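Notes for the one structure printed next.
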Amino acid sequence: MIIDGKQMHIQIKKGDIGRYVILPGDPGRCEKIAAYFDQPRLLAQNREYTLWTGMLDGEPVAVCSTGIGGPSAAIALEELVECGADTFIRVGTSGGIVDEVCGGDIVIATAAIRQEGTSREYLPIEFPAAASFTVVSALRDAARTLGLTHHIGVIQSKDSFYGEIRPNIQPIADELNAKWKAWKAAGALTSEMETAALFIVSQVLHVRCGAVLNVLWNADNDEAPAIPPDAVERGVKTAVEALRILIGQDKAD
């Protein structure tokens, strides 16, 4: 929706950004991510949406925060596509599910469990929330180049942070715990709150989207959250390197 020539929520217009956008949740991370760009500058701030632009290997790139959860993430993606973007990488934090995913690792999502409500207003639940293959491949190659411990596979997206952190105090504790056990038994890697919605909206809009998640702890195995000092930067570096790979591939096509 356009008001006074700008998108209603992210407050930019077509032509302000290029094709490539990194999507953190936290507005406070945008400036730090933009520091990896050439010529970074603040473009807009409104509500949970902070947007910086810059250049990477000669191409315009941007970083736009999405806030917490699927609804605000879907709004950001819809409006960014209206402004000309078609390639997105979510960078976020998460909690490991299976035992081998530990604090300090990164996870590259191939698909997301749709335990959230936003994506159901775009496609029936039977439709999978899957990442773009080209973005997944670029993220994998980036993680290898950077020498980071990484895992690739299915993750879980949910709407309630405390439904995961403190399930036993919820009235539907039995249901939450049963689903968690099922996700873990099936090999789901980590848990977060935005990726499923972004994958589904990207599918509907026919754009590319992937996600790299910084693991801050393992929800079942870490006795206390122990966040490595550079944990959040690992996913950011992977996303930036993946954009370089995608830019190079797109120029060659």
Side-chain angles (χ1 to χ4, degrees), residues 22-26 28-29 32-33 36 66 68-69 73 89-116 129-131 135-169 173 176-199 209-242 245:
I22 293 176
L23 300 171
D26 183 359
R29 295 195 187 117
K32 296 177 181 177
I33 295 173
Y36 287 91
T66 65
I68 297 176
I89 298 179
R90 162 160 161 71
V91 177
T93 55
S94 65
I97 298 178
V98 295
D99 293 345
E100 61 266 29
V101 175
C102 303
D105 295 354
I106 61 171
V107 167
I108 298 165
T110 57
I113 297 163
R114 295 171 60 189
Q115 194 178 346
E116 42 72 50
V135 181
V136 171
S137 297
L139 287 167
R140 176 203 60 194
D141 293 346
R144 289 176 176 175
T145 297
L146 295 168
L148 297 175
T149 300
H150 61 283
H151 311 267
I152 303 173
V154 176
I155 65 149
Q156 177 231 16
S157 297
K158 79 280 188 181
D159 277 340
S160 173
F161 179 82
Y162 287 105
E164 174 203 334
I165 300 299
R166 298 198 294 251
N168 291 326
I169 69 169
L176 293 173
N177 285 322
K179 287 187 175 181
W180 183 268
K181 289 177 182 178
W183 311 149
K184 186 169 184 176
L189 298 174
T190 200
S191 177
E192 54 83 79
M193 300 182 69
E194 292 81 28
T195 298
L198 289 171
F199 285 177
C209 189
V212 55
L213 304 165
N214 302 290
V215 181
L216 300 187
W217 62 81
N218 186 290
D220 285 342
N221 282 345
D222 289 357
E223 293 183 0
I227 305 172
D230 68 337
V232 175
E233 290 299 306
R234 296 177 186 185
V236 172
K237 291 177 180 177
T238 305
V240 171
E241 181 63 25
I245 292 169

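Only a predicted model underlies this, so the values are computations on that prediction, with no experimental measurement involved.
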Say you draw a straight line from CG of Leu213 to CD1 of Ile155; how long is it, rounded to the nearest 0.5 Å?
5.0 Å
Mind checking what makes side-chain contact (heavy atoms from CB on, under 4.5 Å) contact with Val240, not counting sequence neighbours?
Ile22, Tyr36, Leu56, Val236, Arg244
Quick one: NZ on Lys32 to CG on Asp26, what's the gap to the nearest 0.5 Å?
8.0 Å
Heavy-atom closest pair, residues Ala129 and Ala196
CB-O, 3.9 Å
Run the side chain to side chain donor-acceptor pair (under 3.5 Å) test against Glu241 and tell me which residues pass, sequence neighbours left out.
none
Can you establish whether the number of heavy atoms outside Ile68 located under 6.0 Å from its atom CD1 is more than 12?
no
Mind listing the side-chain donor-acceptor pairs of residues 89-113 below 3.5 Å, one per line with the distance, residues two or more places apart or on another chain?
| residue | atom | partner | partner atom | Å |
| --- | --- | --- | --- | --- |
| Arg90 | NE | Glu192 | OE1 | 2.8 |
| Arg90 | NE | Thr195 | OG1 | 3.3 |
| Arg90 | NH1 | Glu194 | OE1 | 3.4 |
| Arg90 | NH2 | Glu192 | OE1 | 3.1 |
| Arg90 | NH2 | Glu194 | OE1 | 2.8 |
| Ser94 | OG | Thr190 | OG1 | 2.8 |
| Ser94 | OG | Asn214 | O | 3.2 |
| Asp99 | OD1 | Lys184 | NZ | 3.0 |
| Asp99 | OD1 | Asn221 | ND2 | 2.8 |
| Asp105 | OD2 | Cys102 | N | 3.0 |
| Asp105 | OD2 | His151 | NE2 | 2.8 |
| Thr110 | OG1 | Gly153 | O | 3.2 |

If you measure from CD on Gln115 to CE on Met193, what distance do you get to the nearest 0.5 Å?
10.5 Å
The side-chain contact (heavy atoms from CB on, under 4.5 Å) partners of Ala130 (sequence neighbours excluded) come to none
Going by side-chain hydrogen bond (donor to acceptor under 3.5 Å, both in side chains), name the pairs with one or both residues in residues 140-150, residues two or more places apart or in two chains.
none
Rounding to 0.5 Å, atoms CD (Glu233) and OG1 (Thr238) come to a distance of 10.5 Å
Could you report the tightest heavy-atom contact between Leu139 and Ala242, atom names first, then the distance?
CD2-CB, 3.6 Å
Quick one: NZ on Lys181 to CG on Asp220, what's the gap to the nearest 0.5 Å?
10.0 Å
Would you say the side chain of Arg114 lies within less than 4.5 Å of the side chain of Phe199, judging by non-hydrogen atoms?
no
Measure the NZ-NZ distance between Lys179 and Lys158 for me, rounded to the nearest 0.5 Å.
14.0 Å
Just jot down the side chain to side chain donor-acceptor pair (under 3.5 Å) partners of Arg29, sequence neighbours excluded, or say none.
none
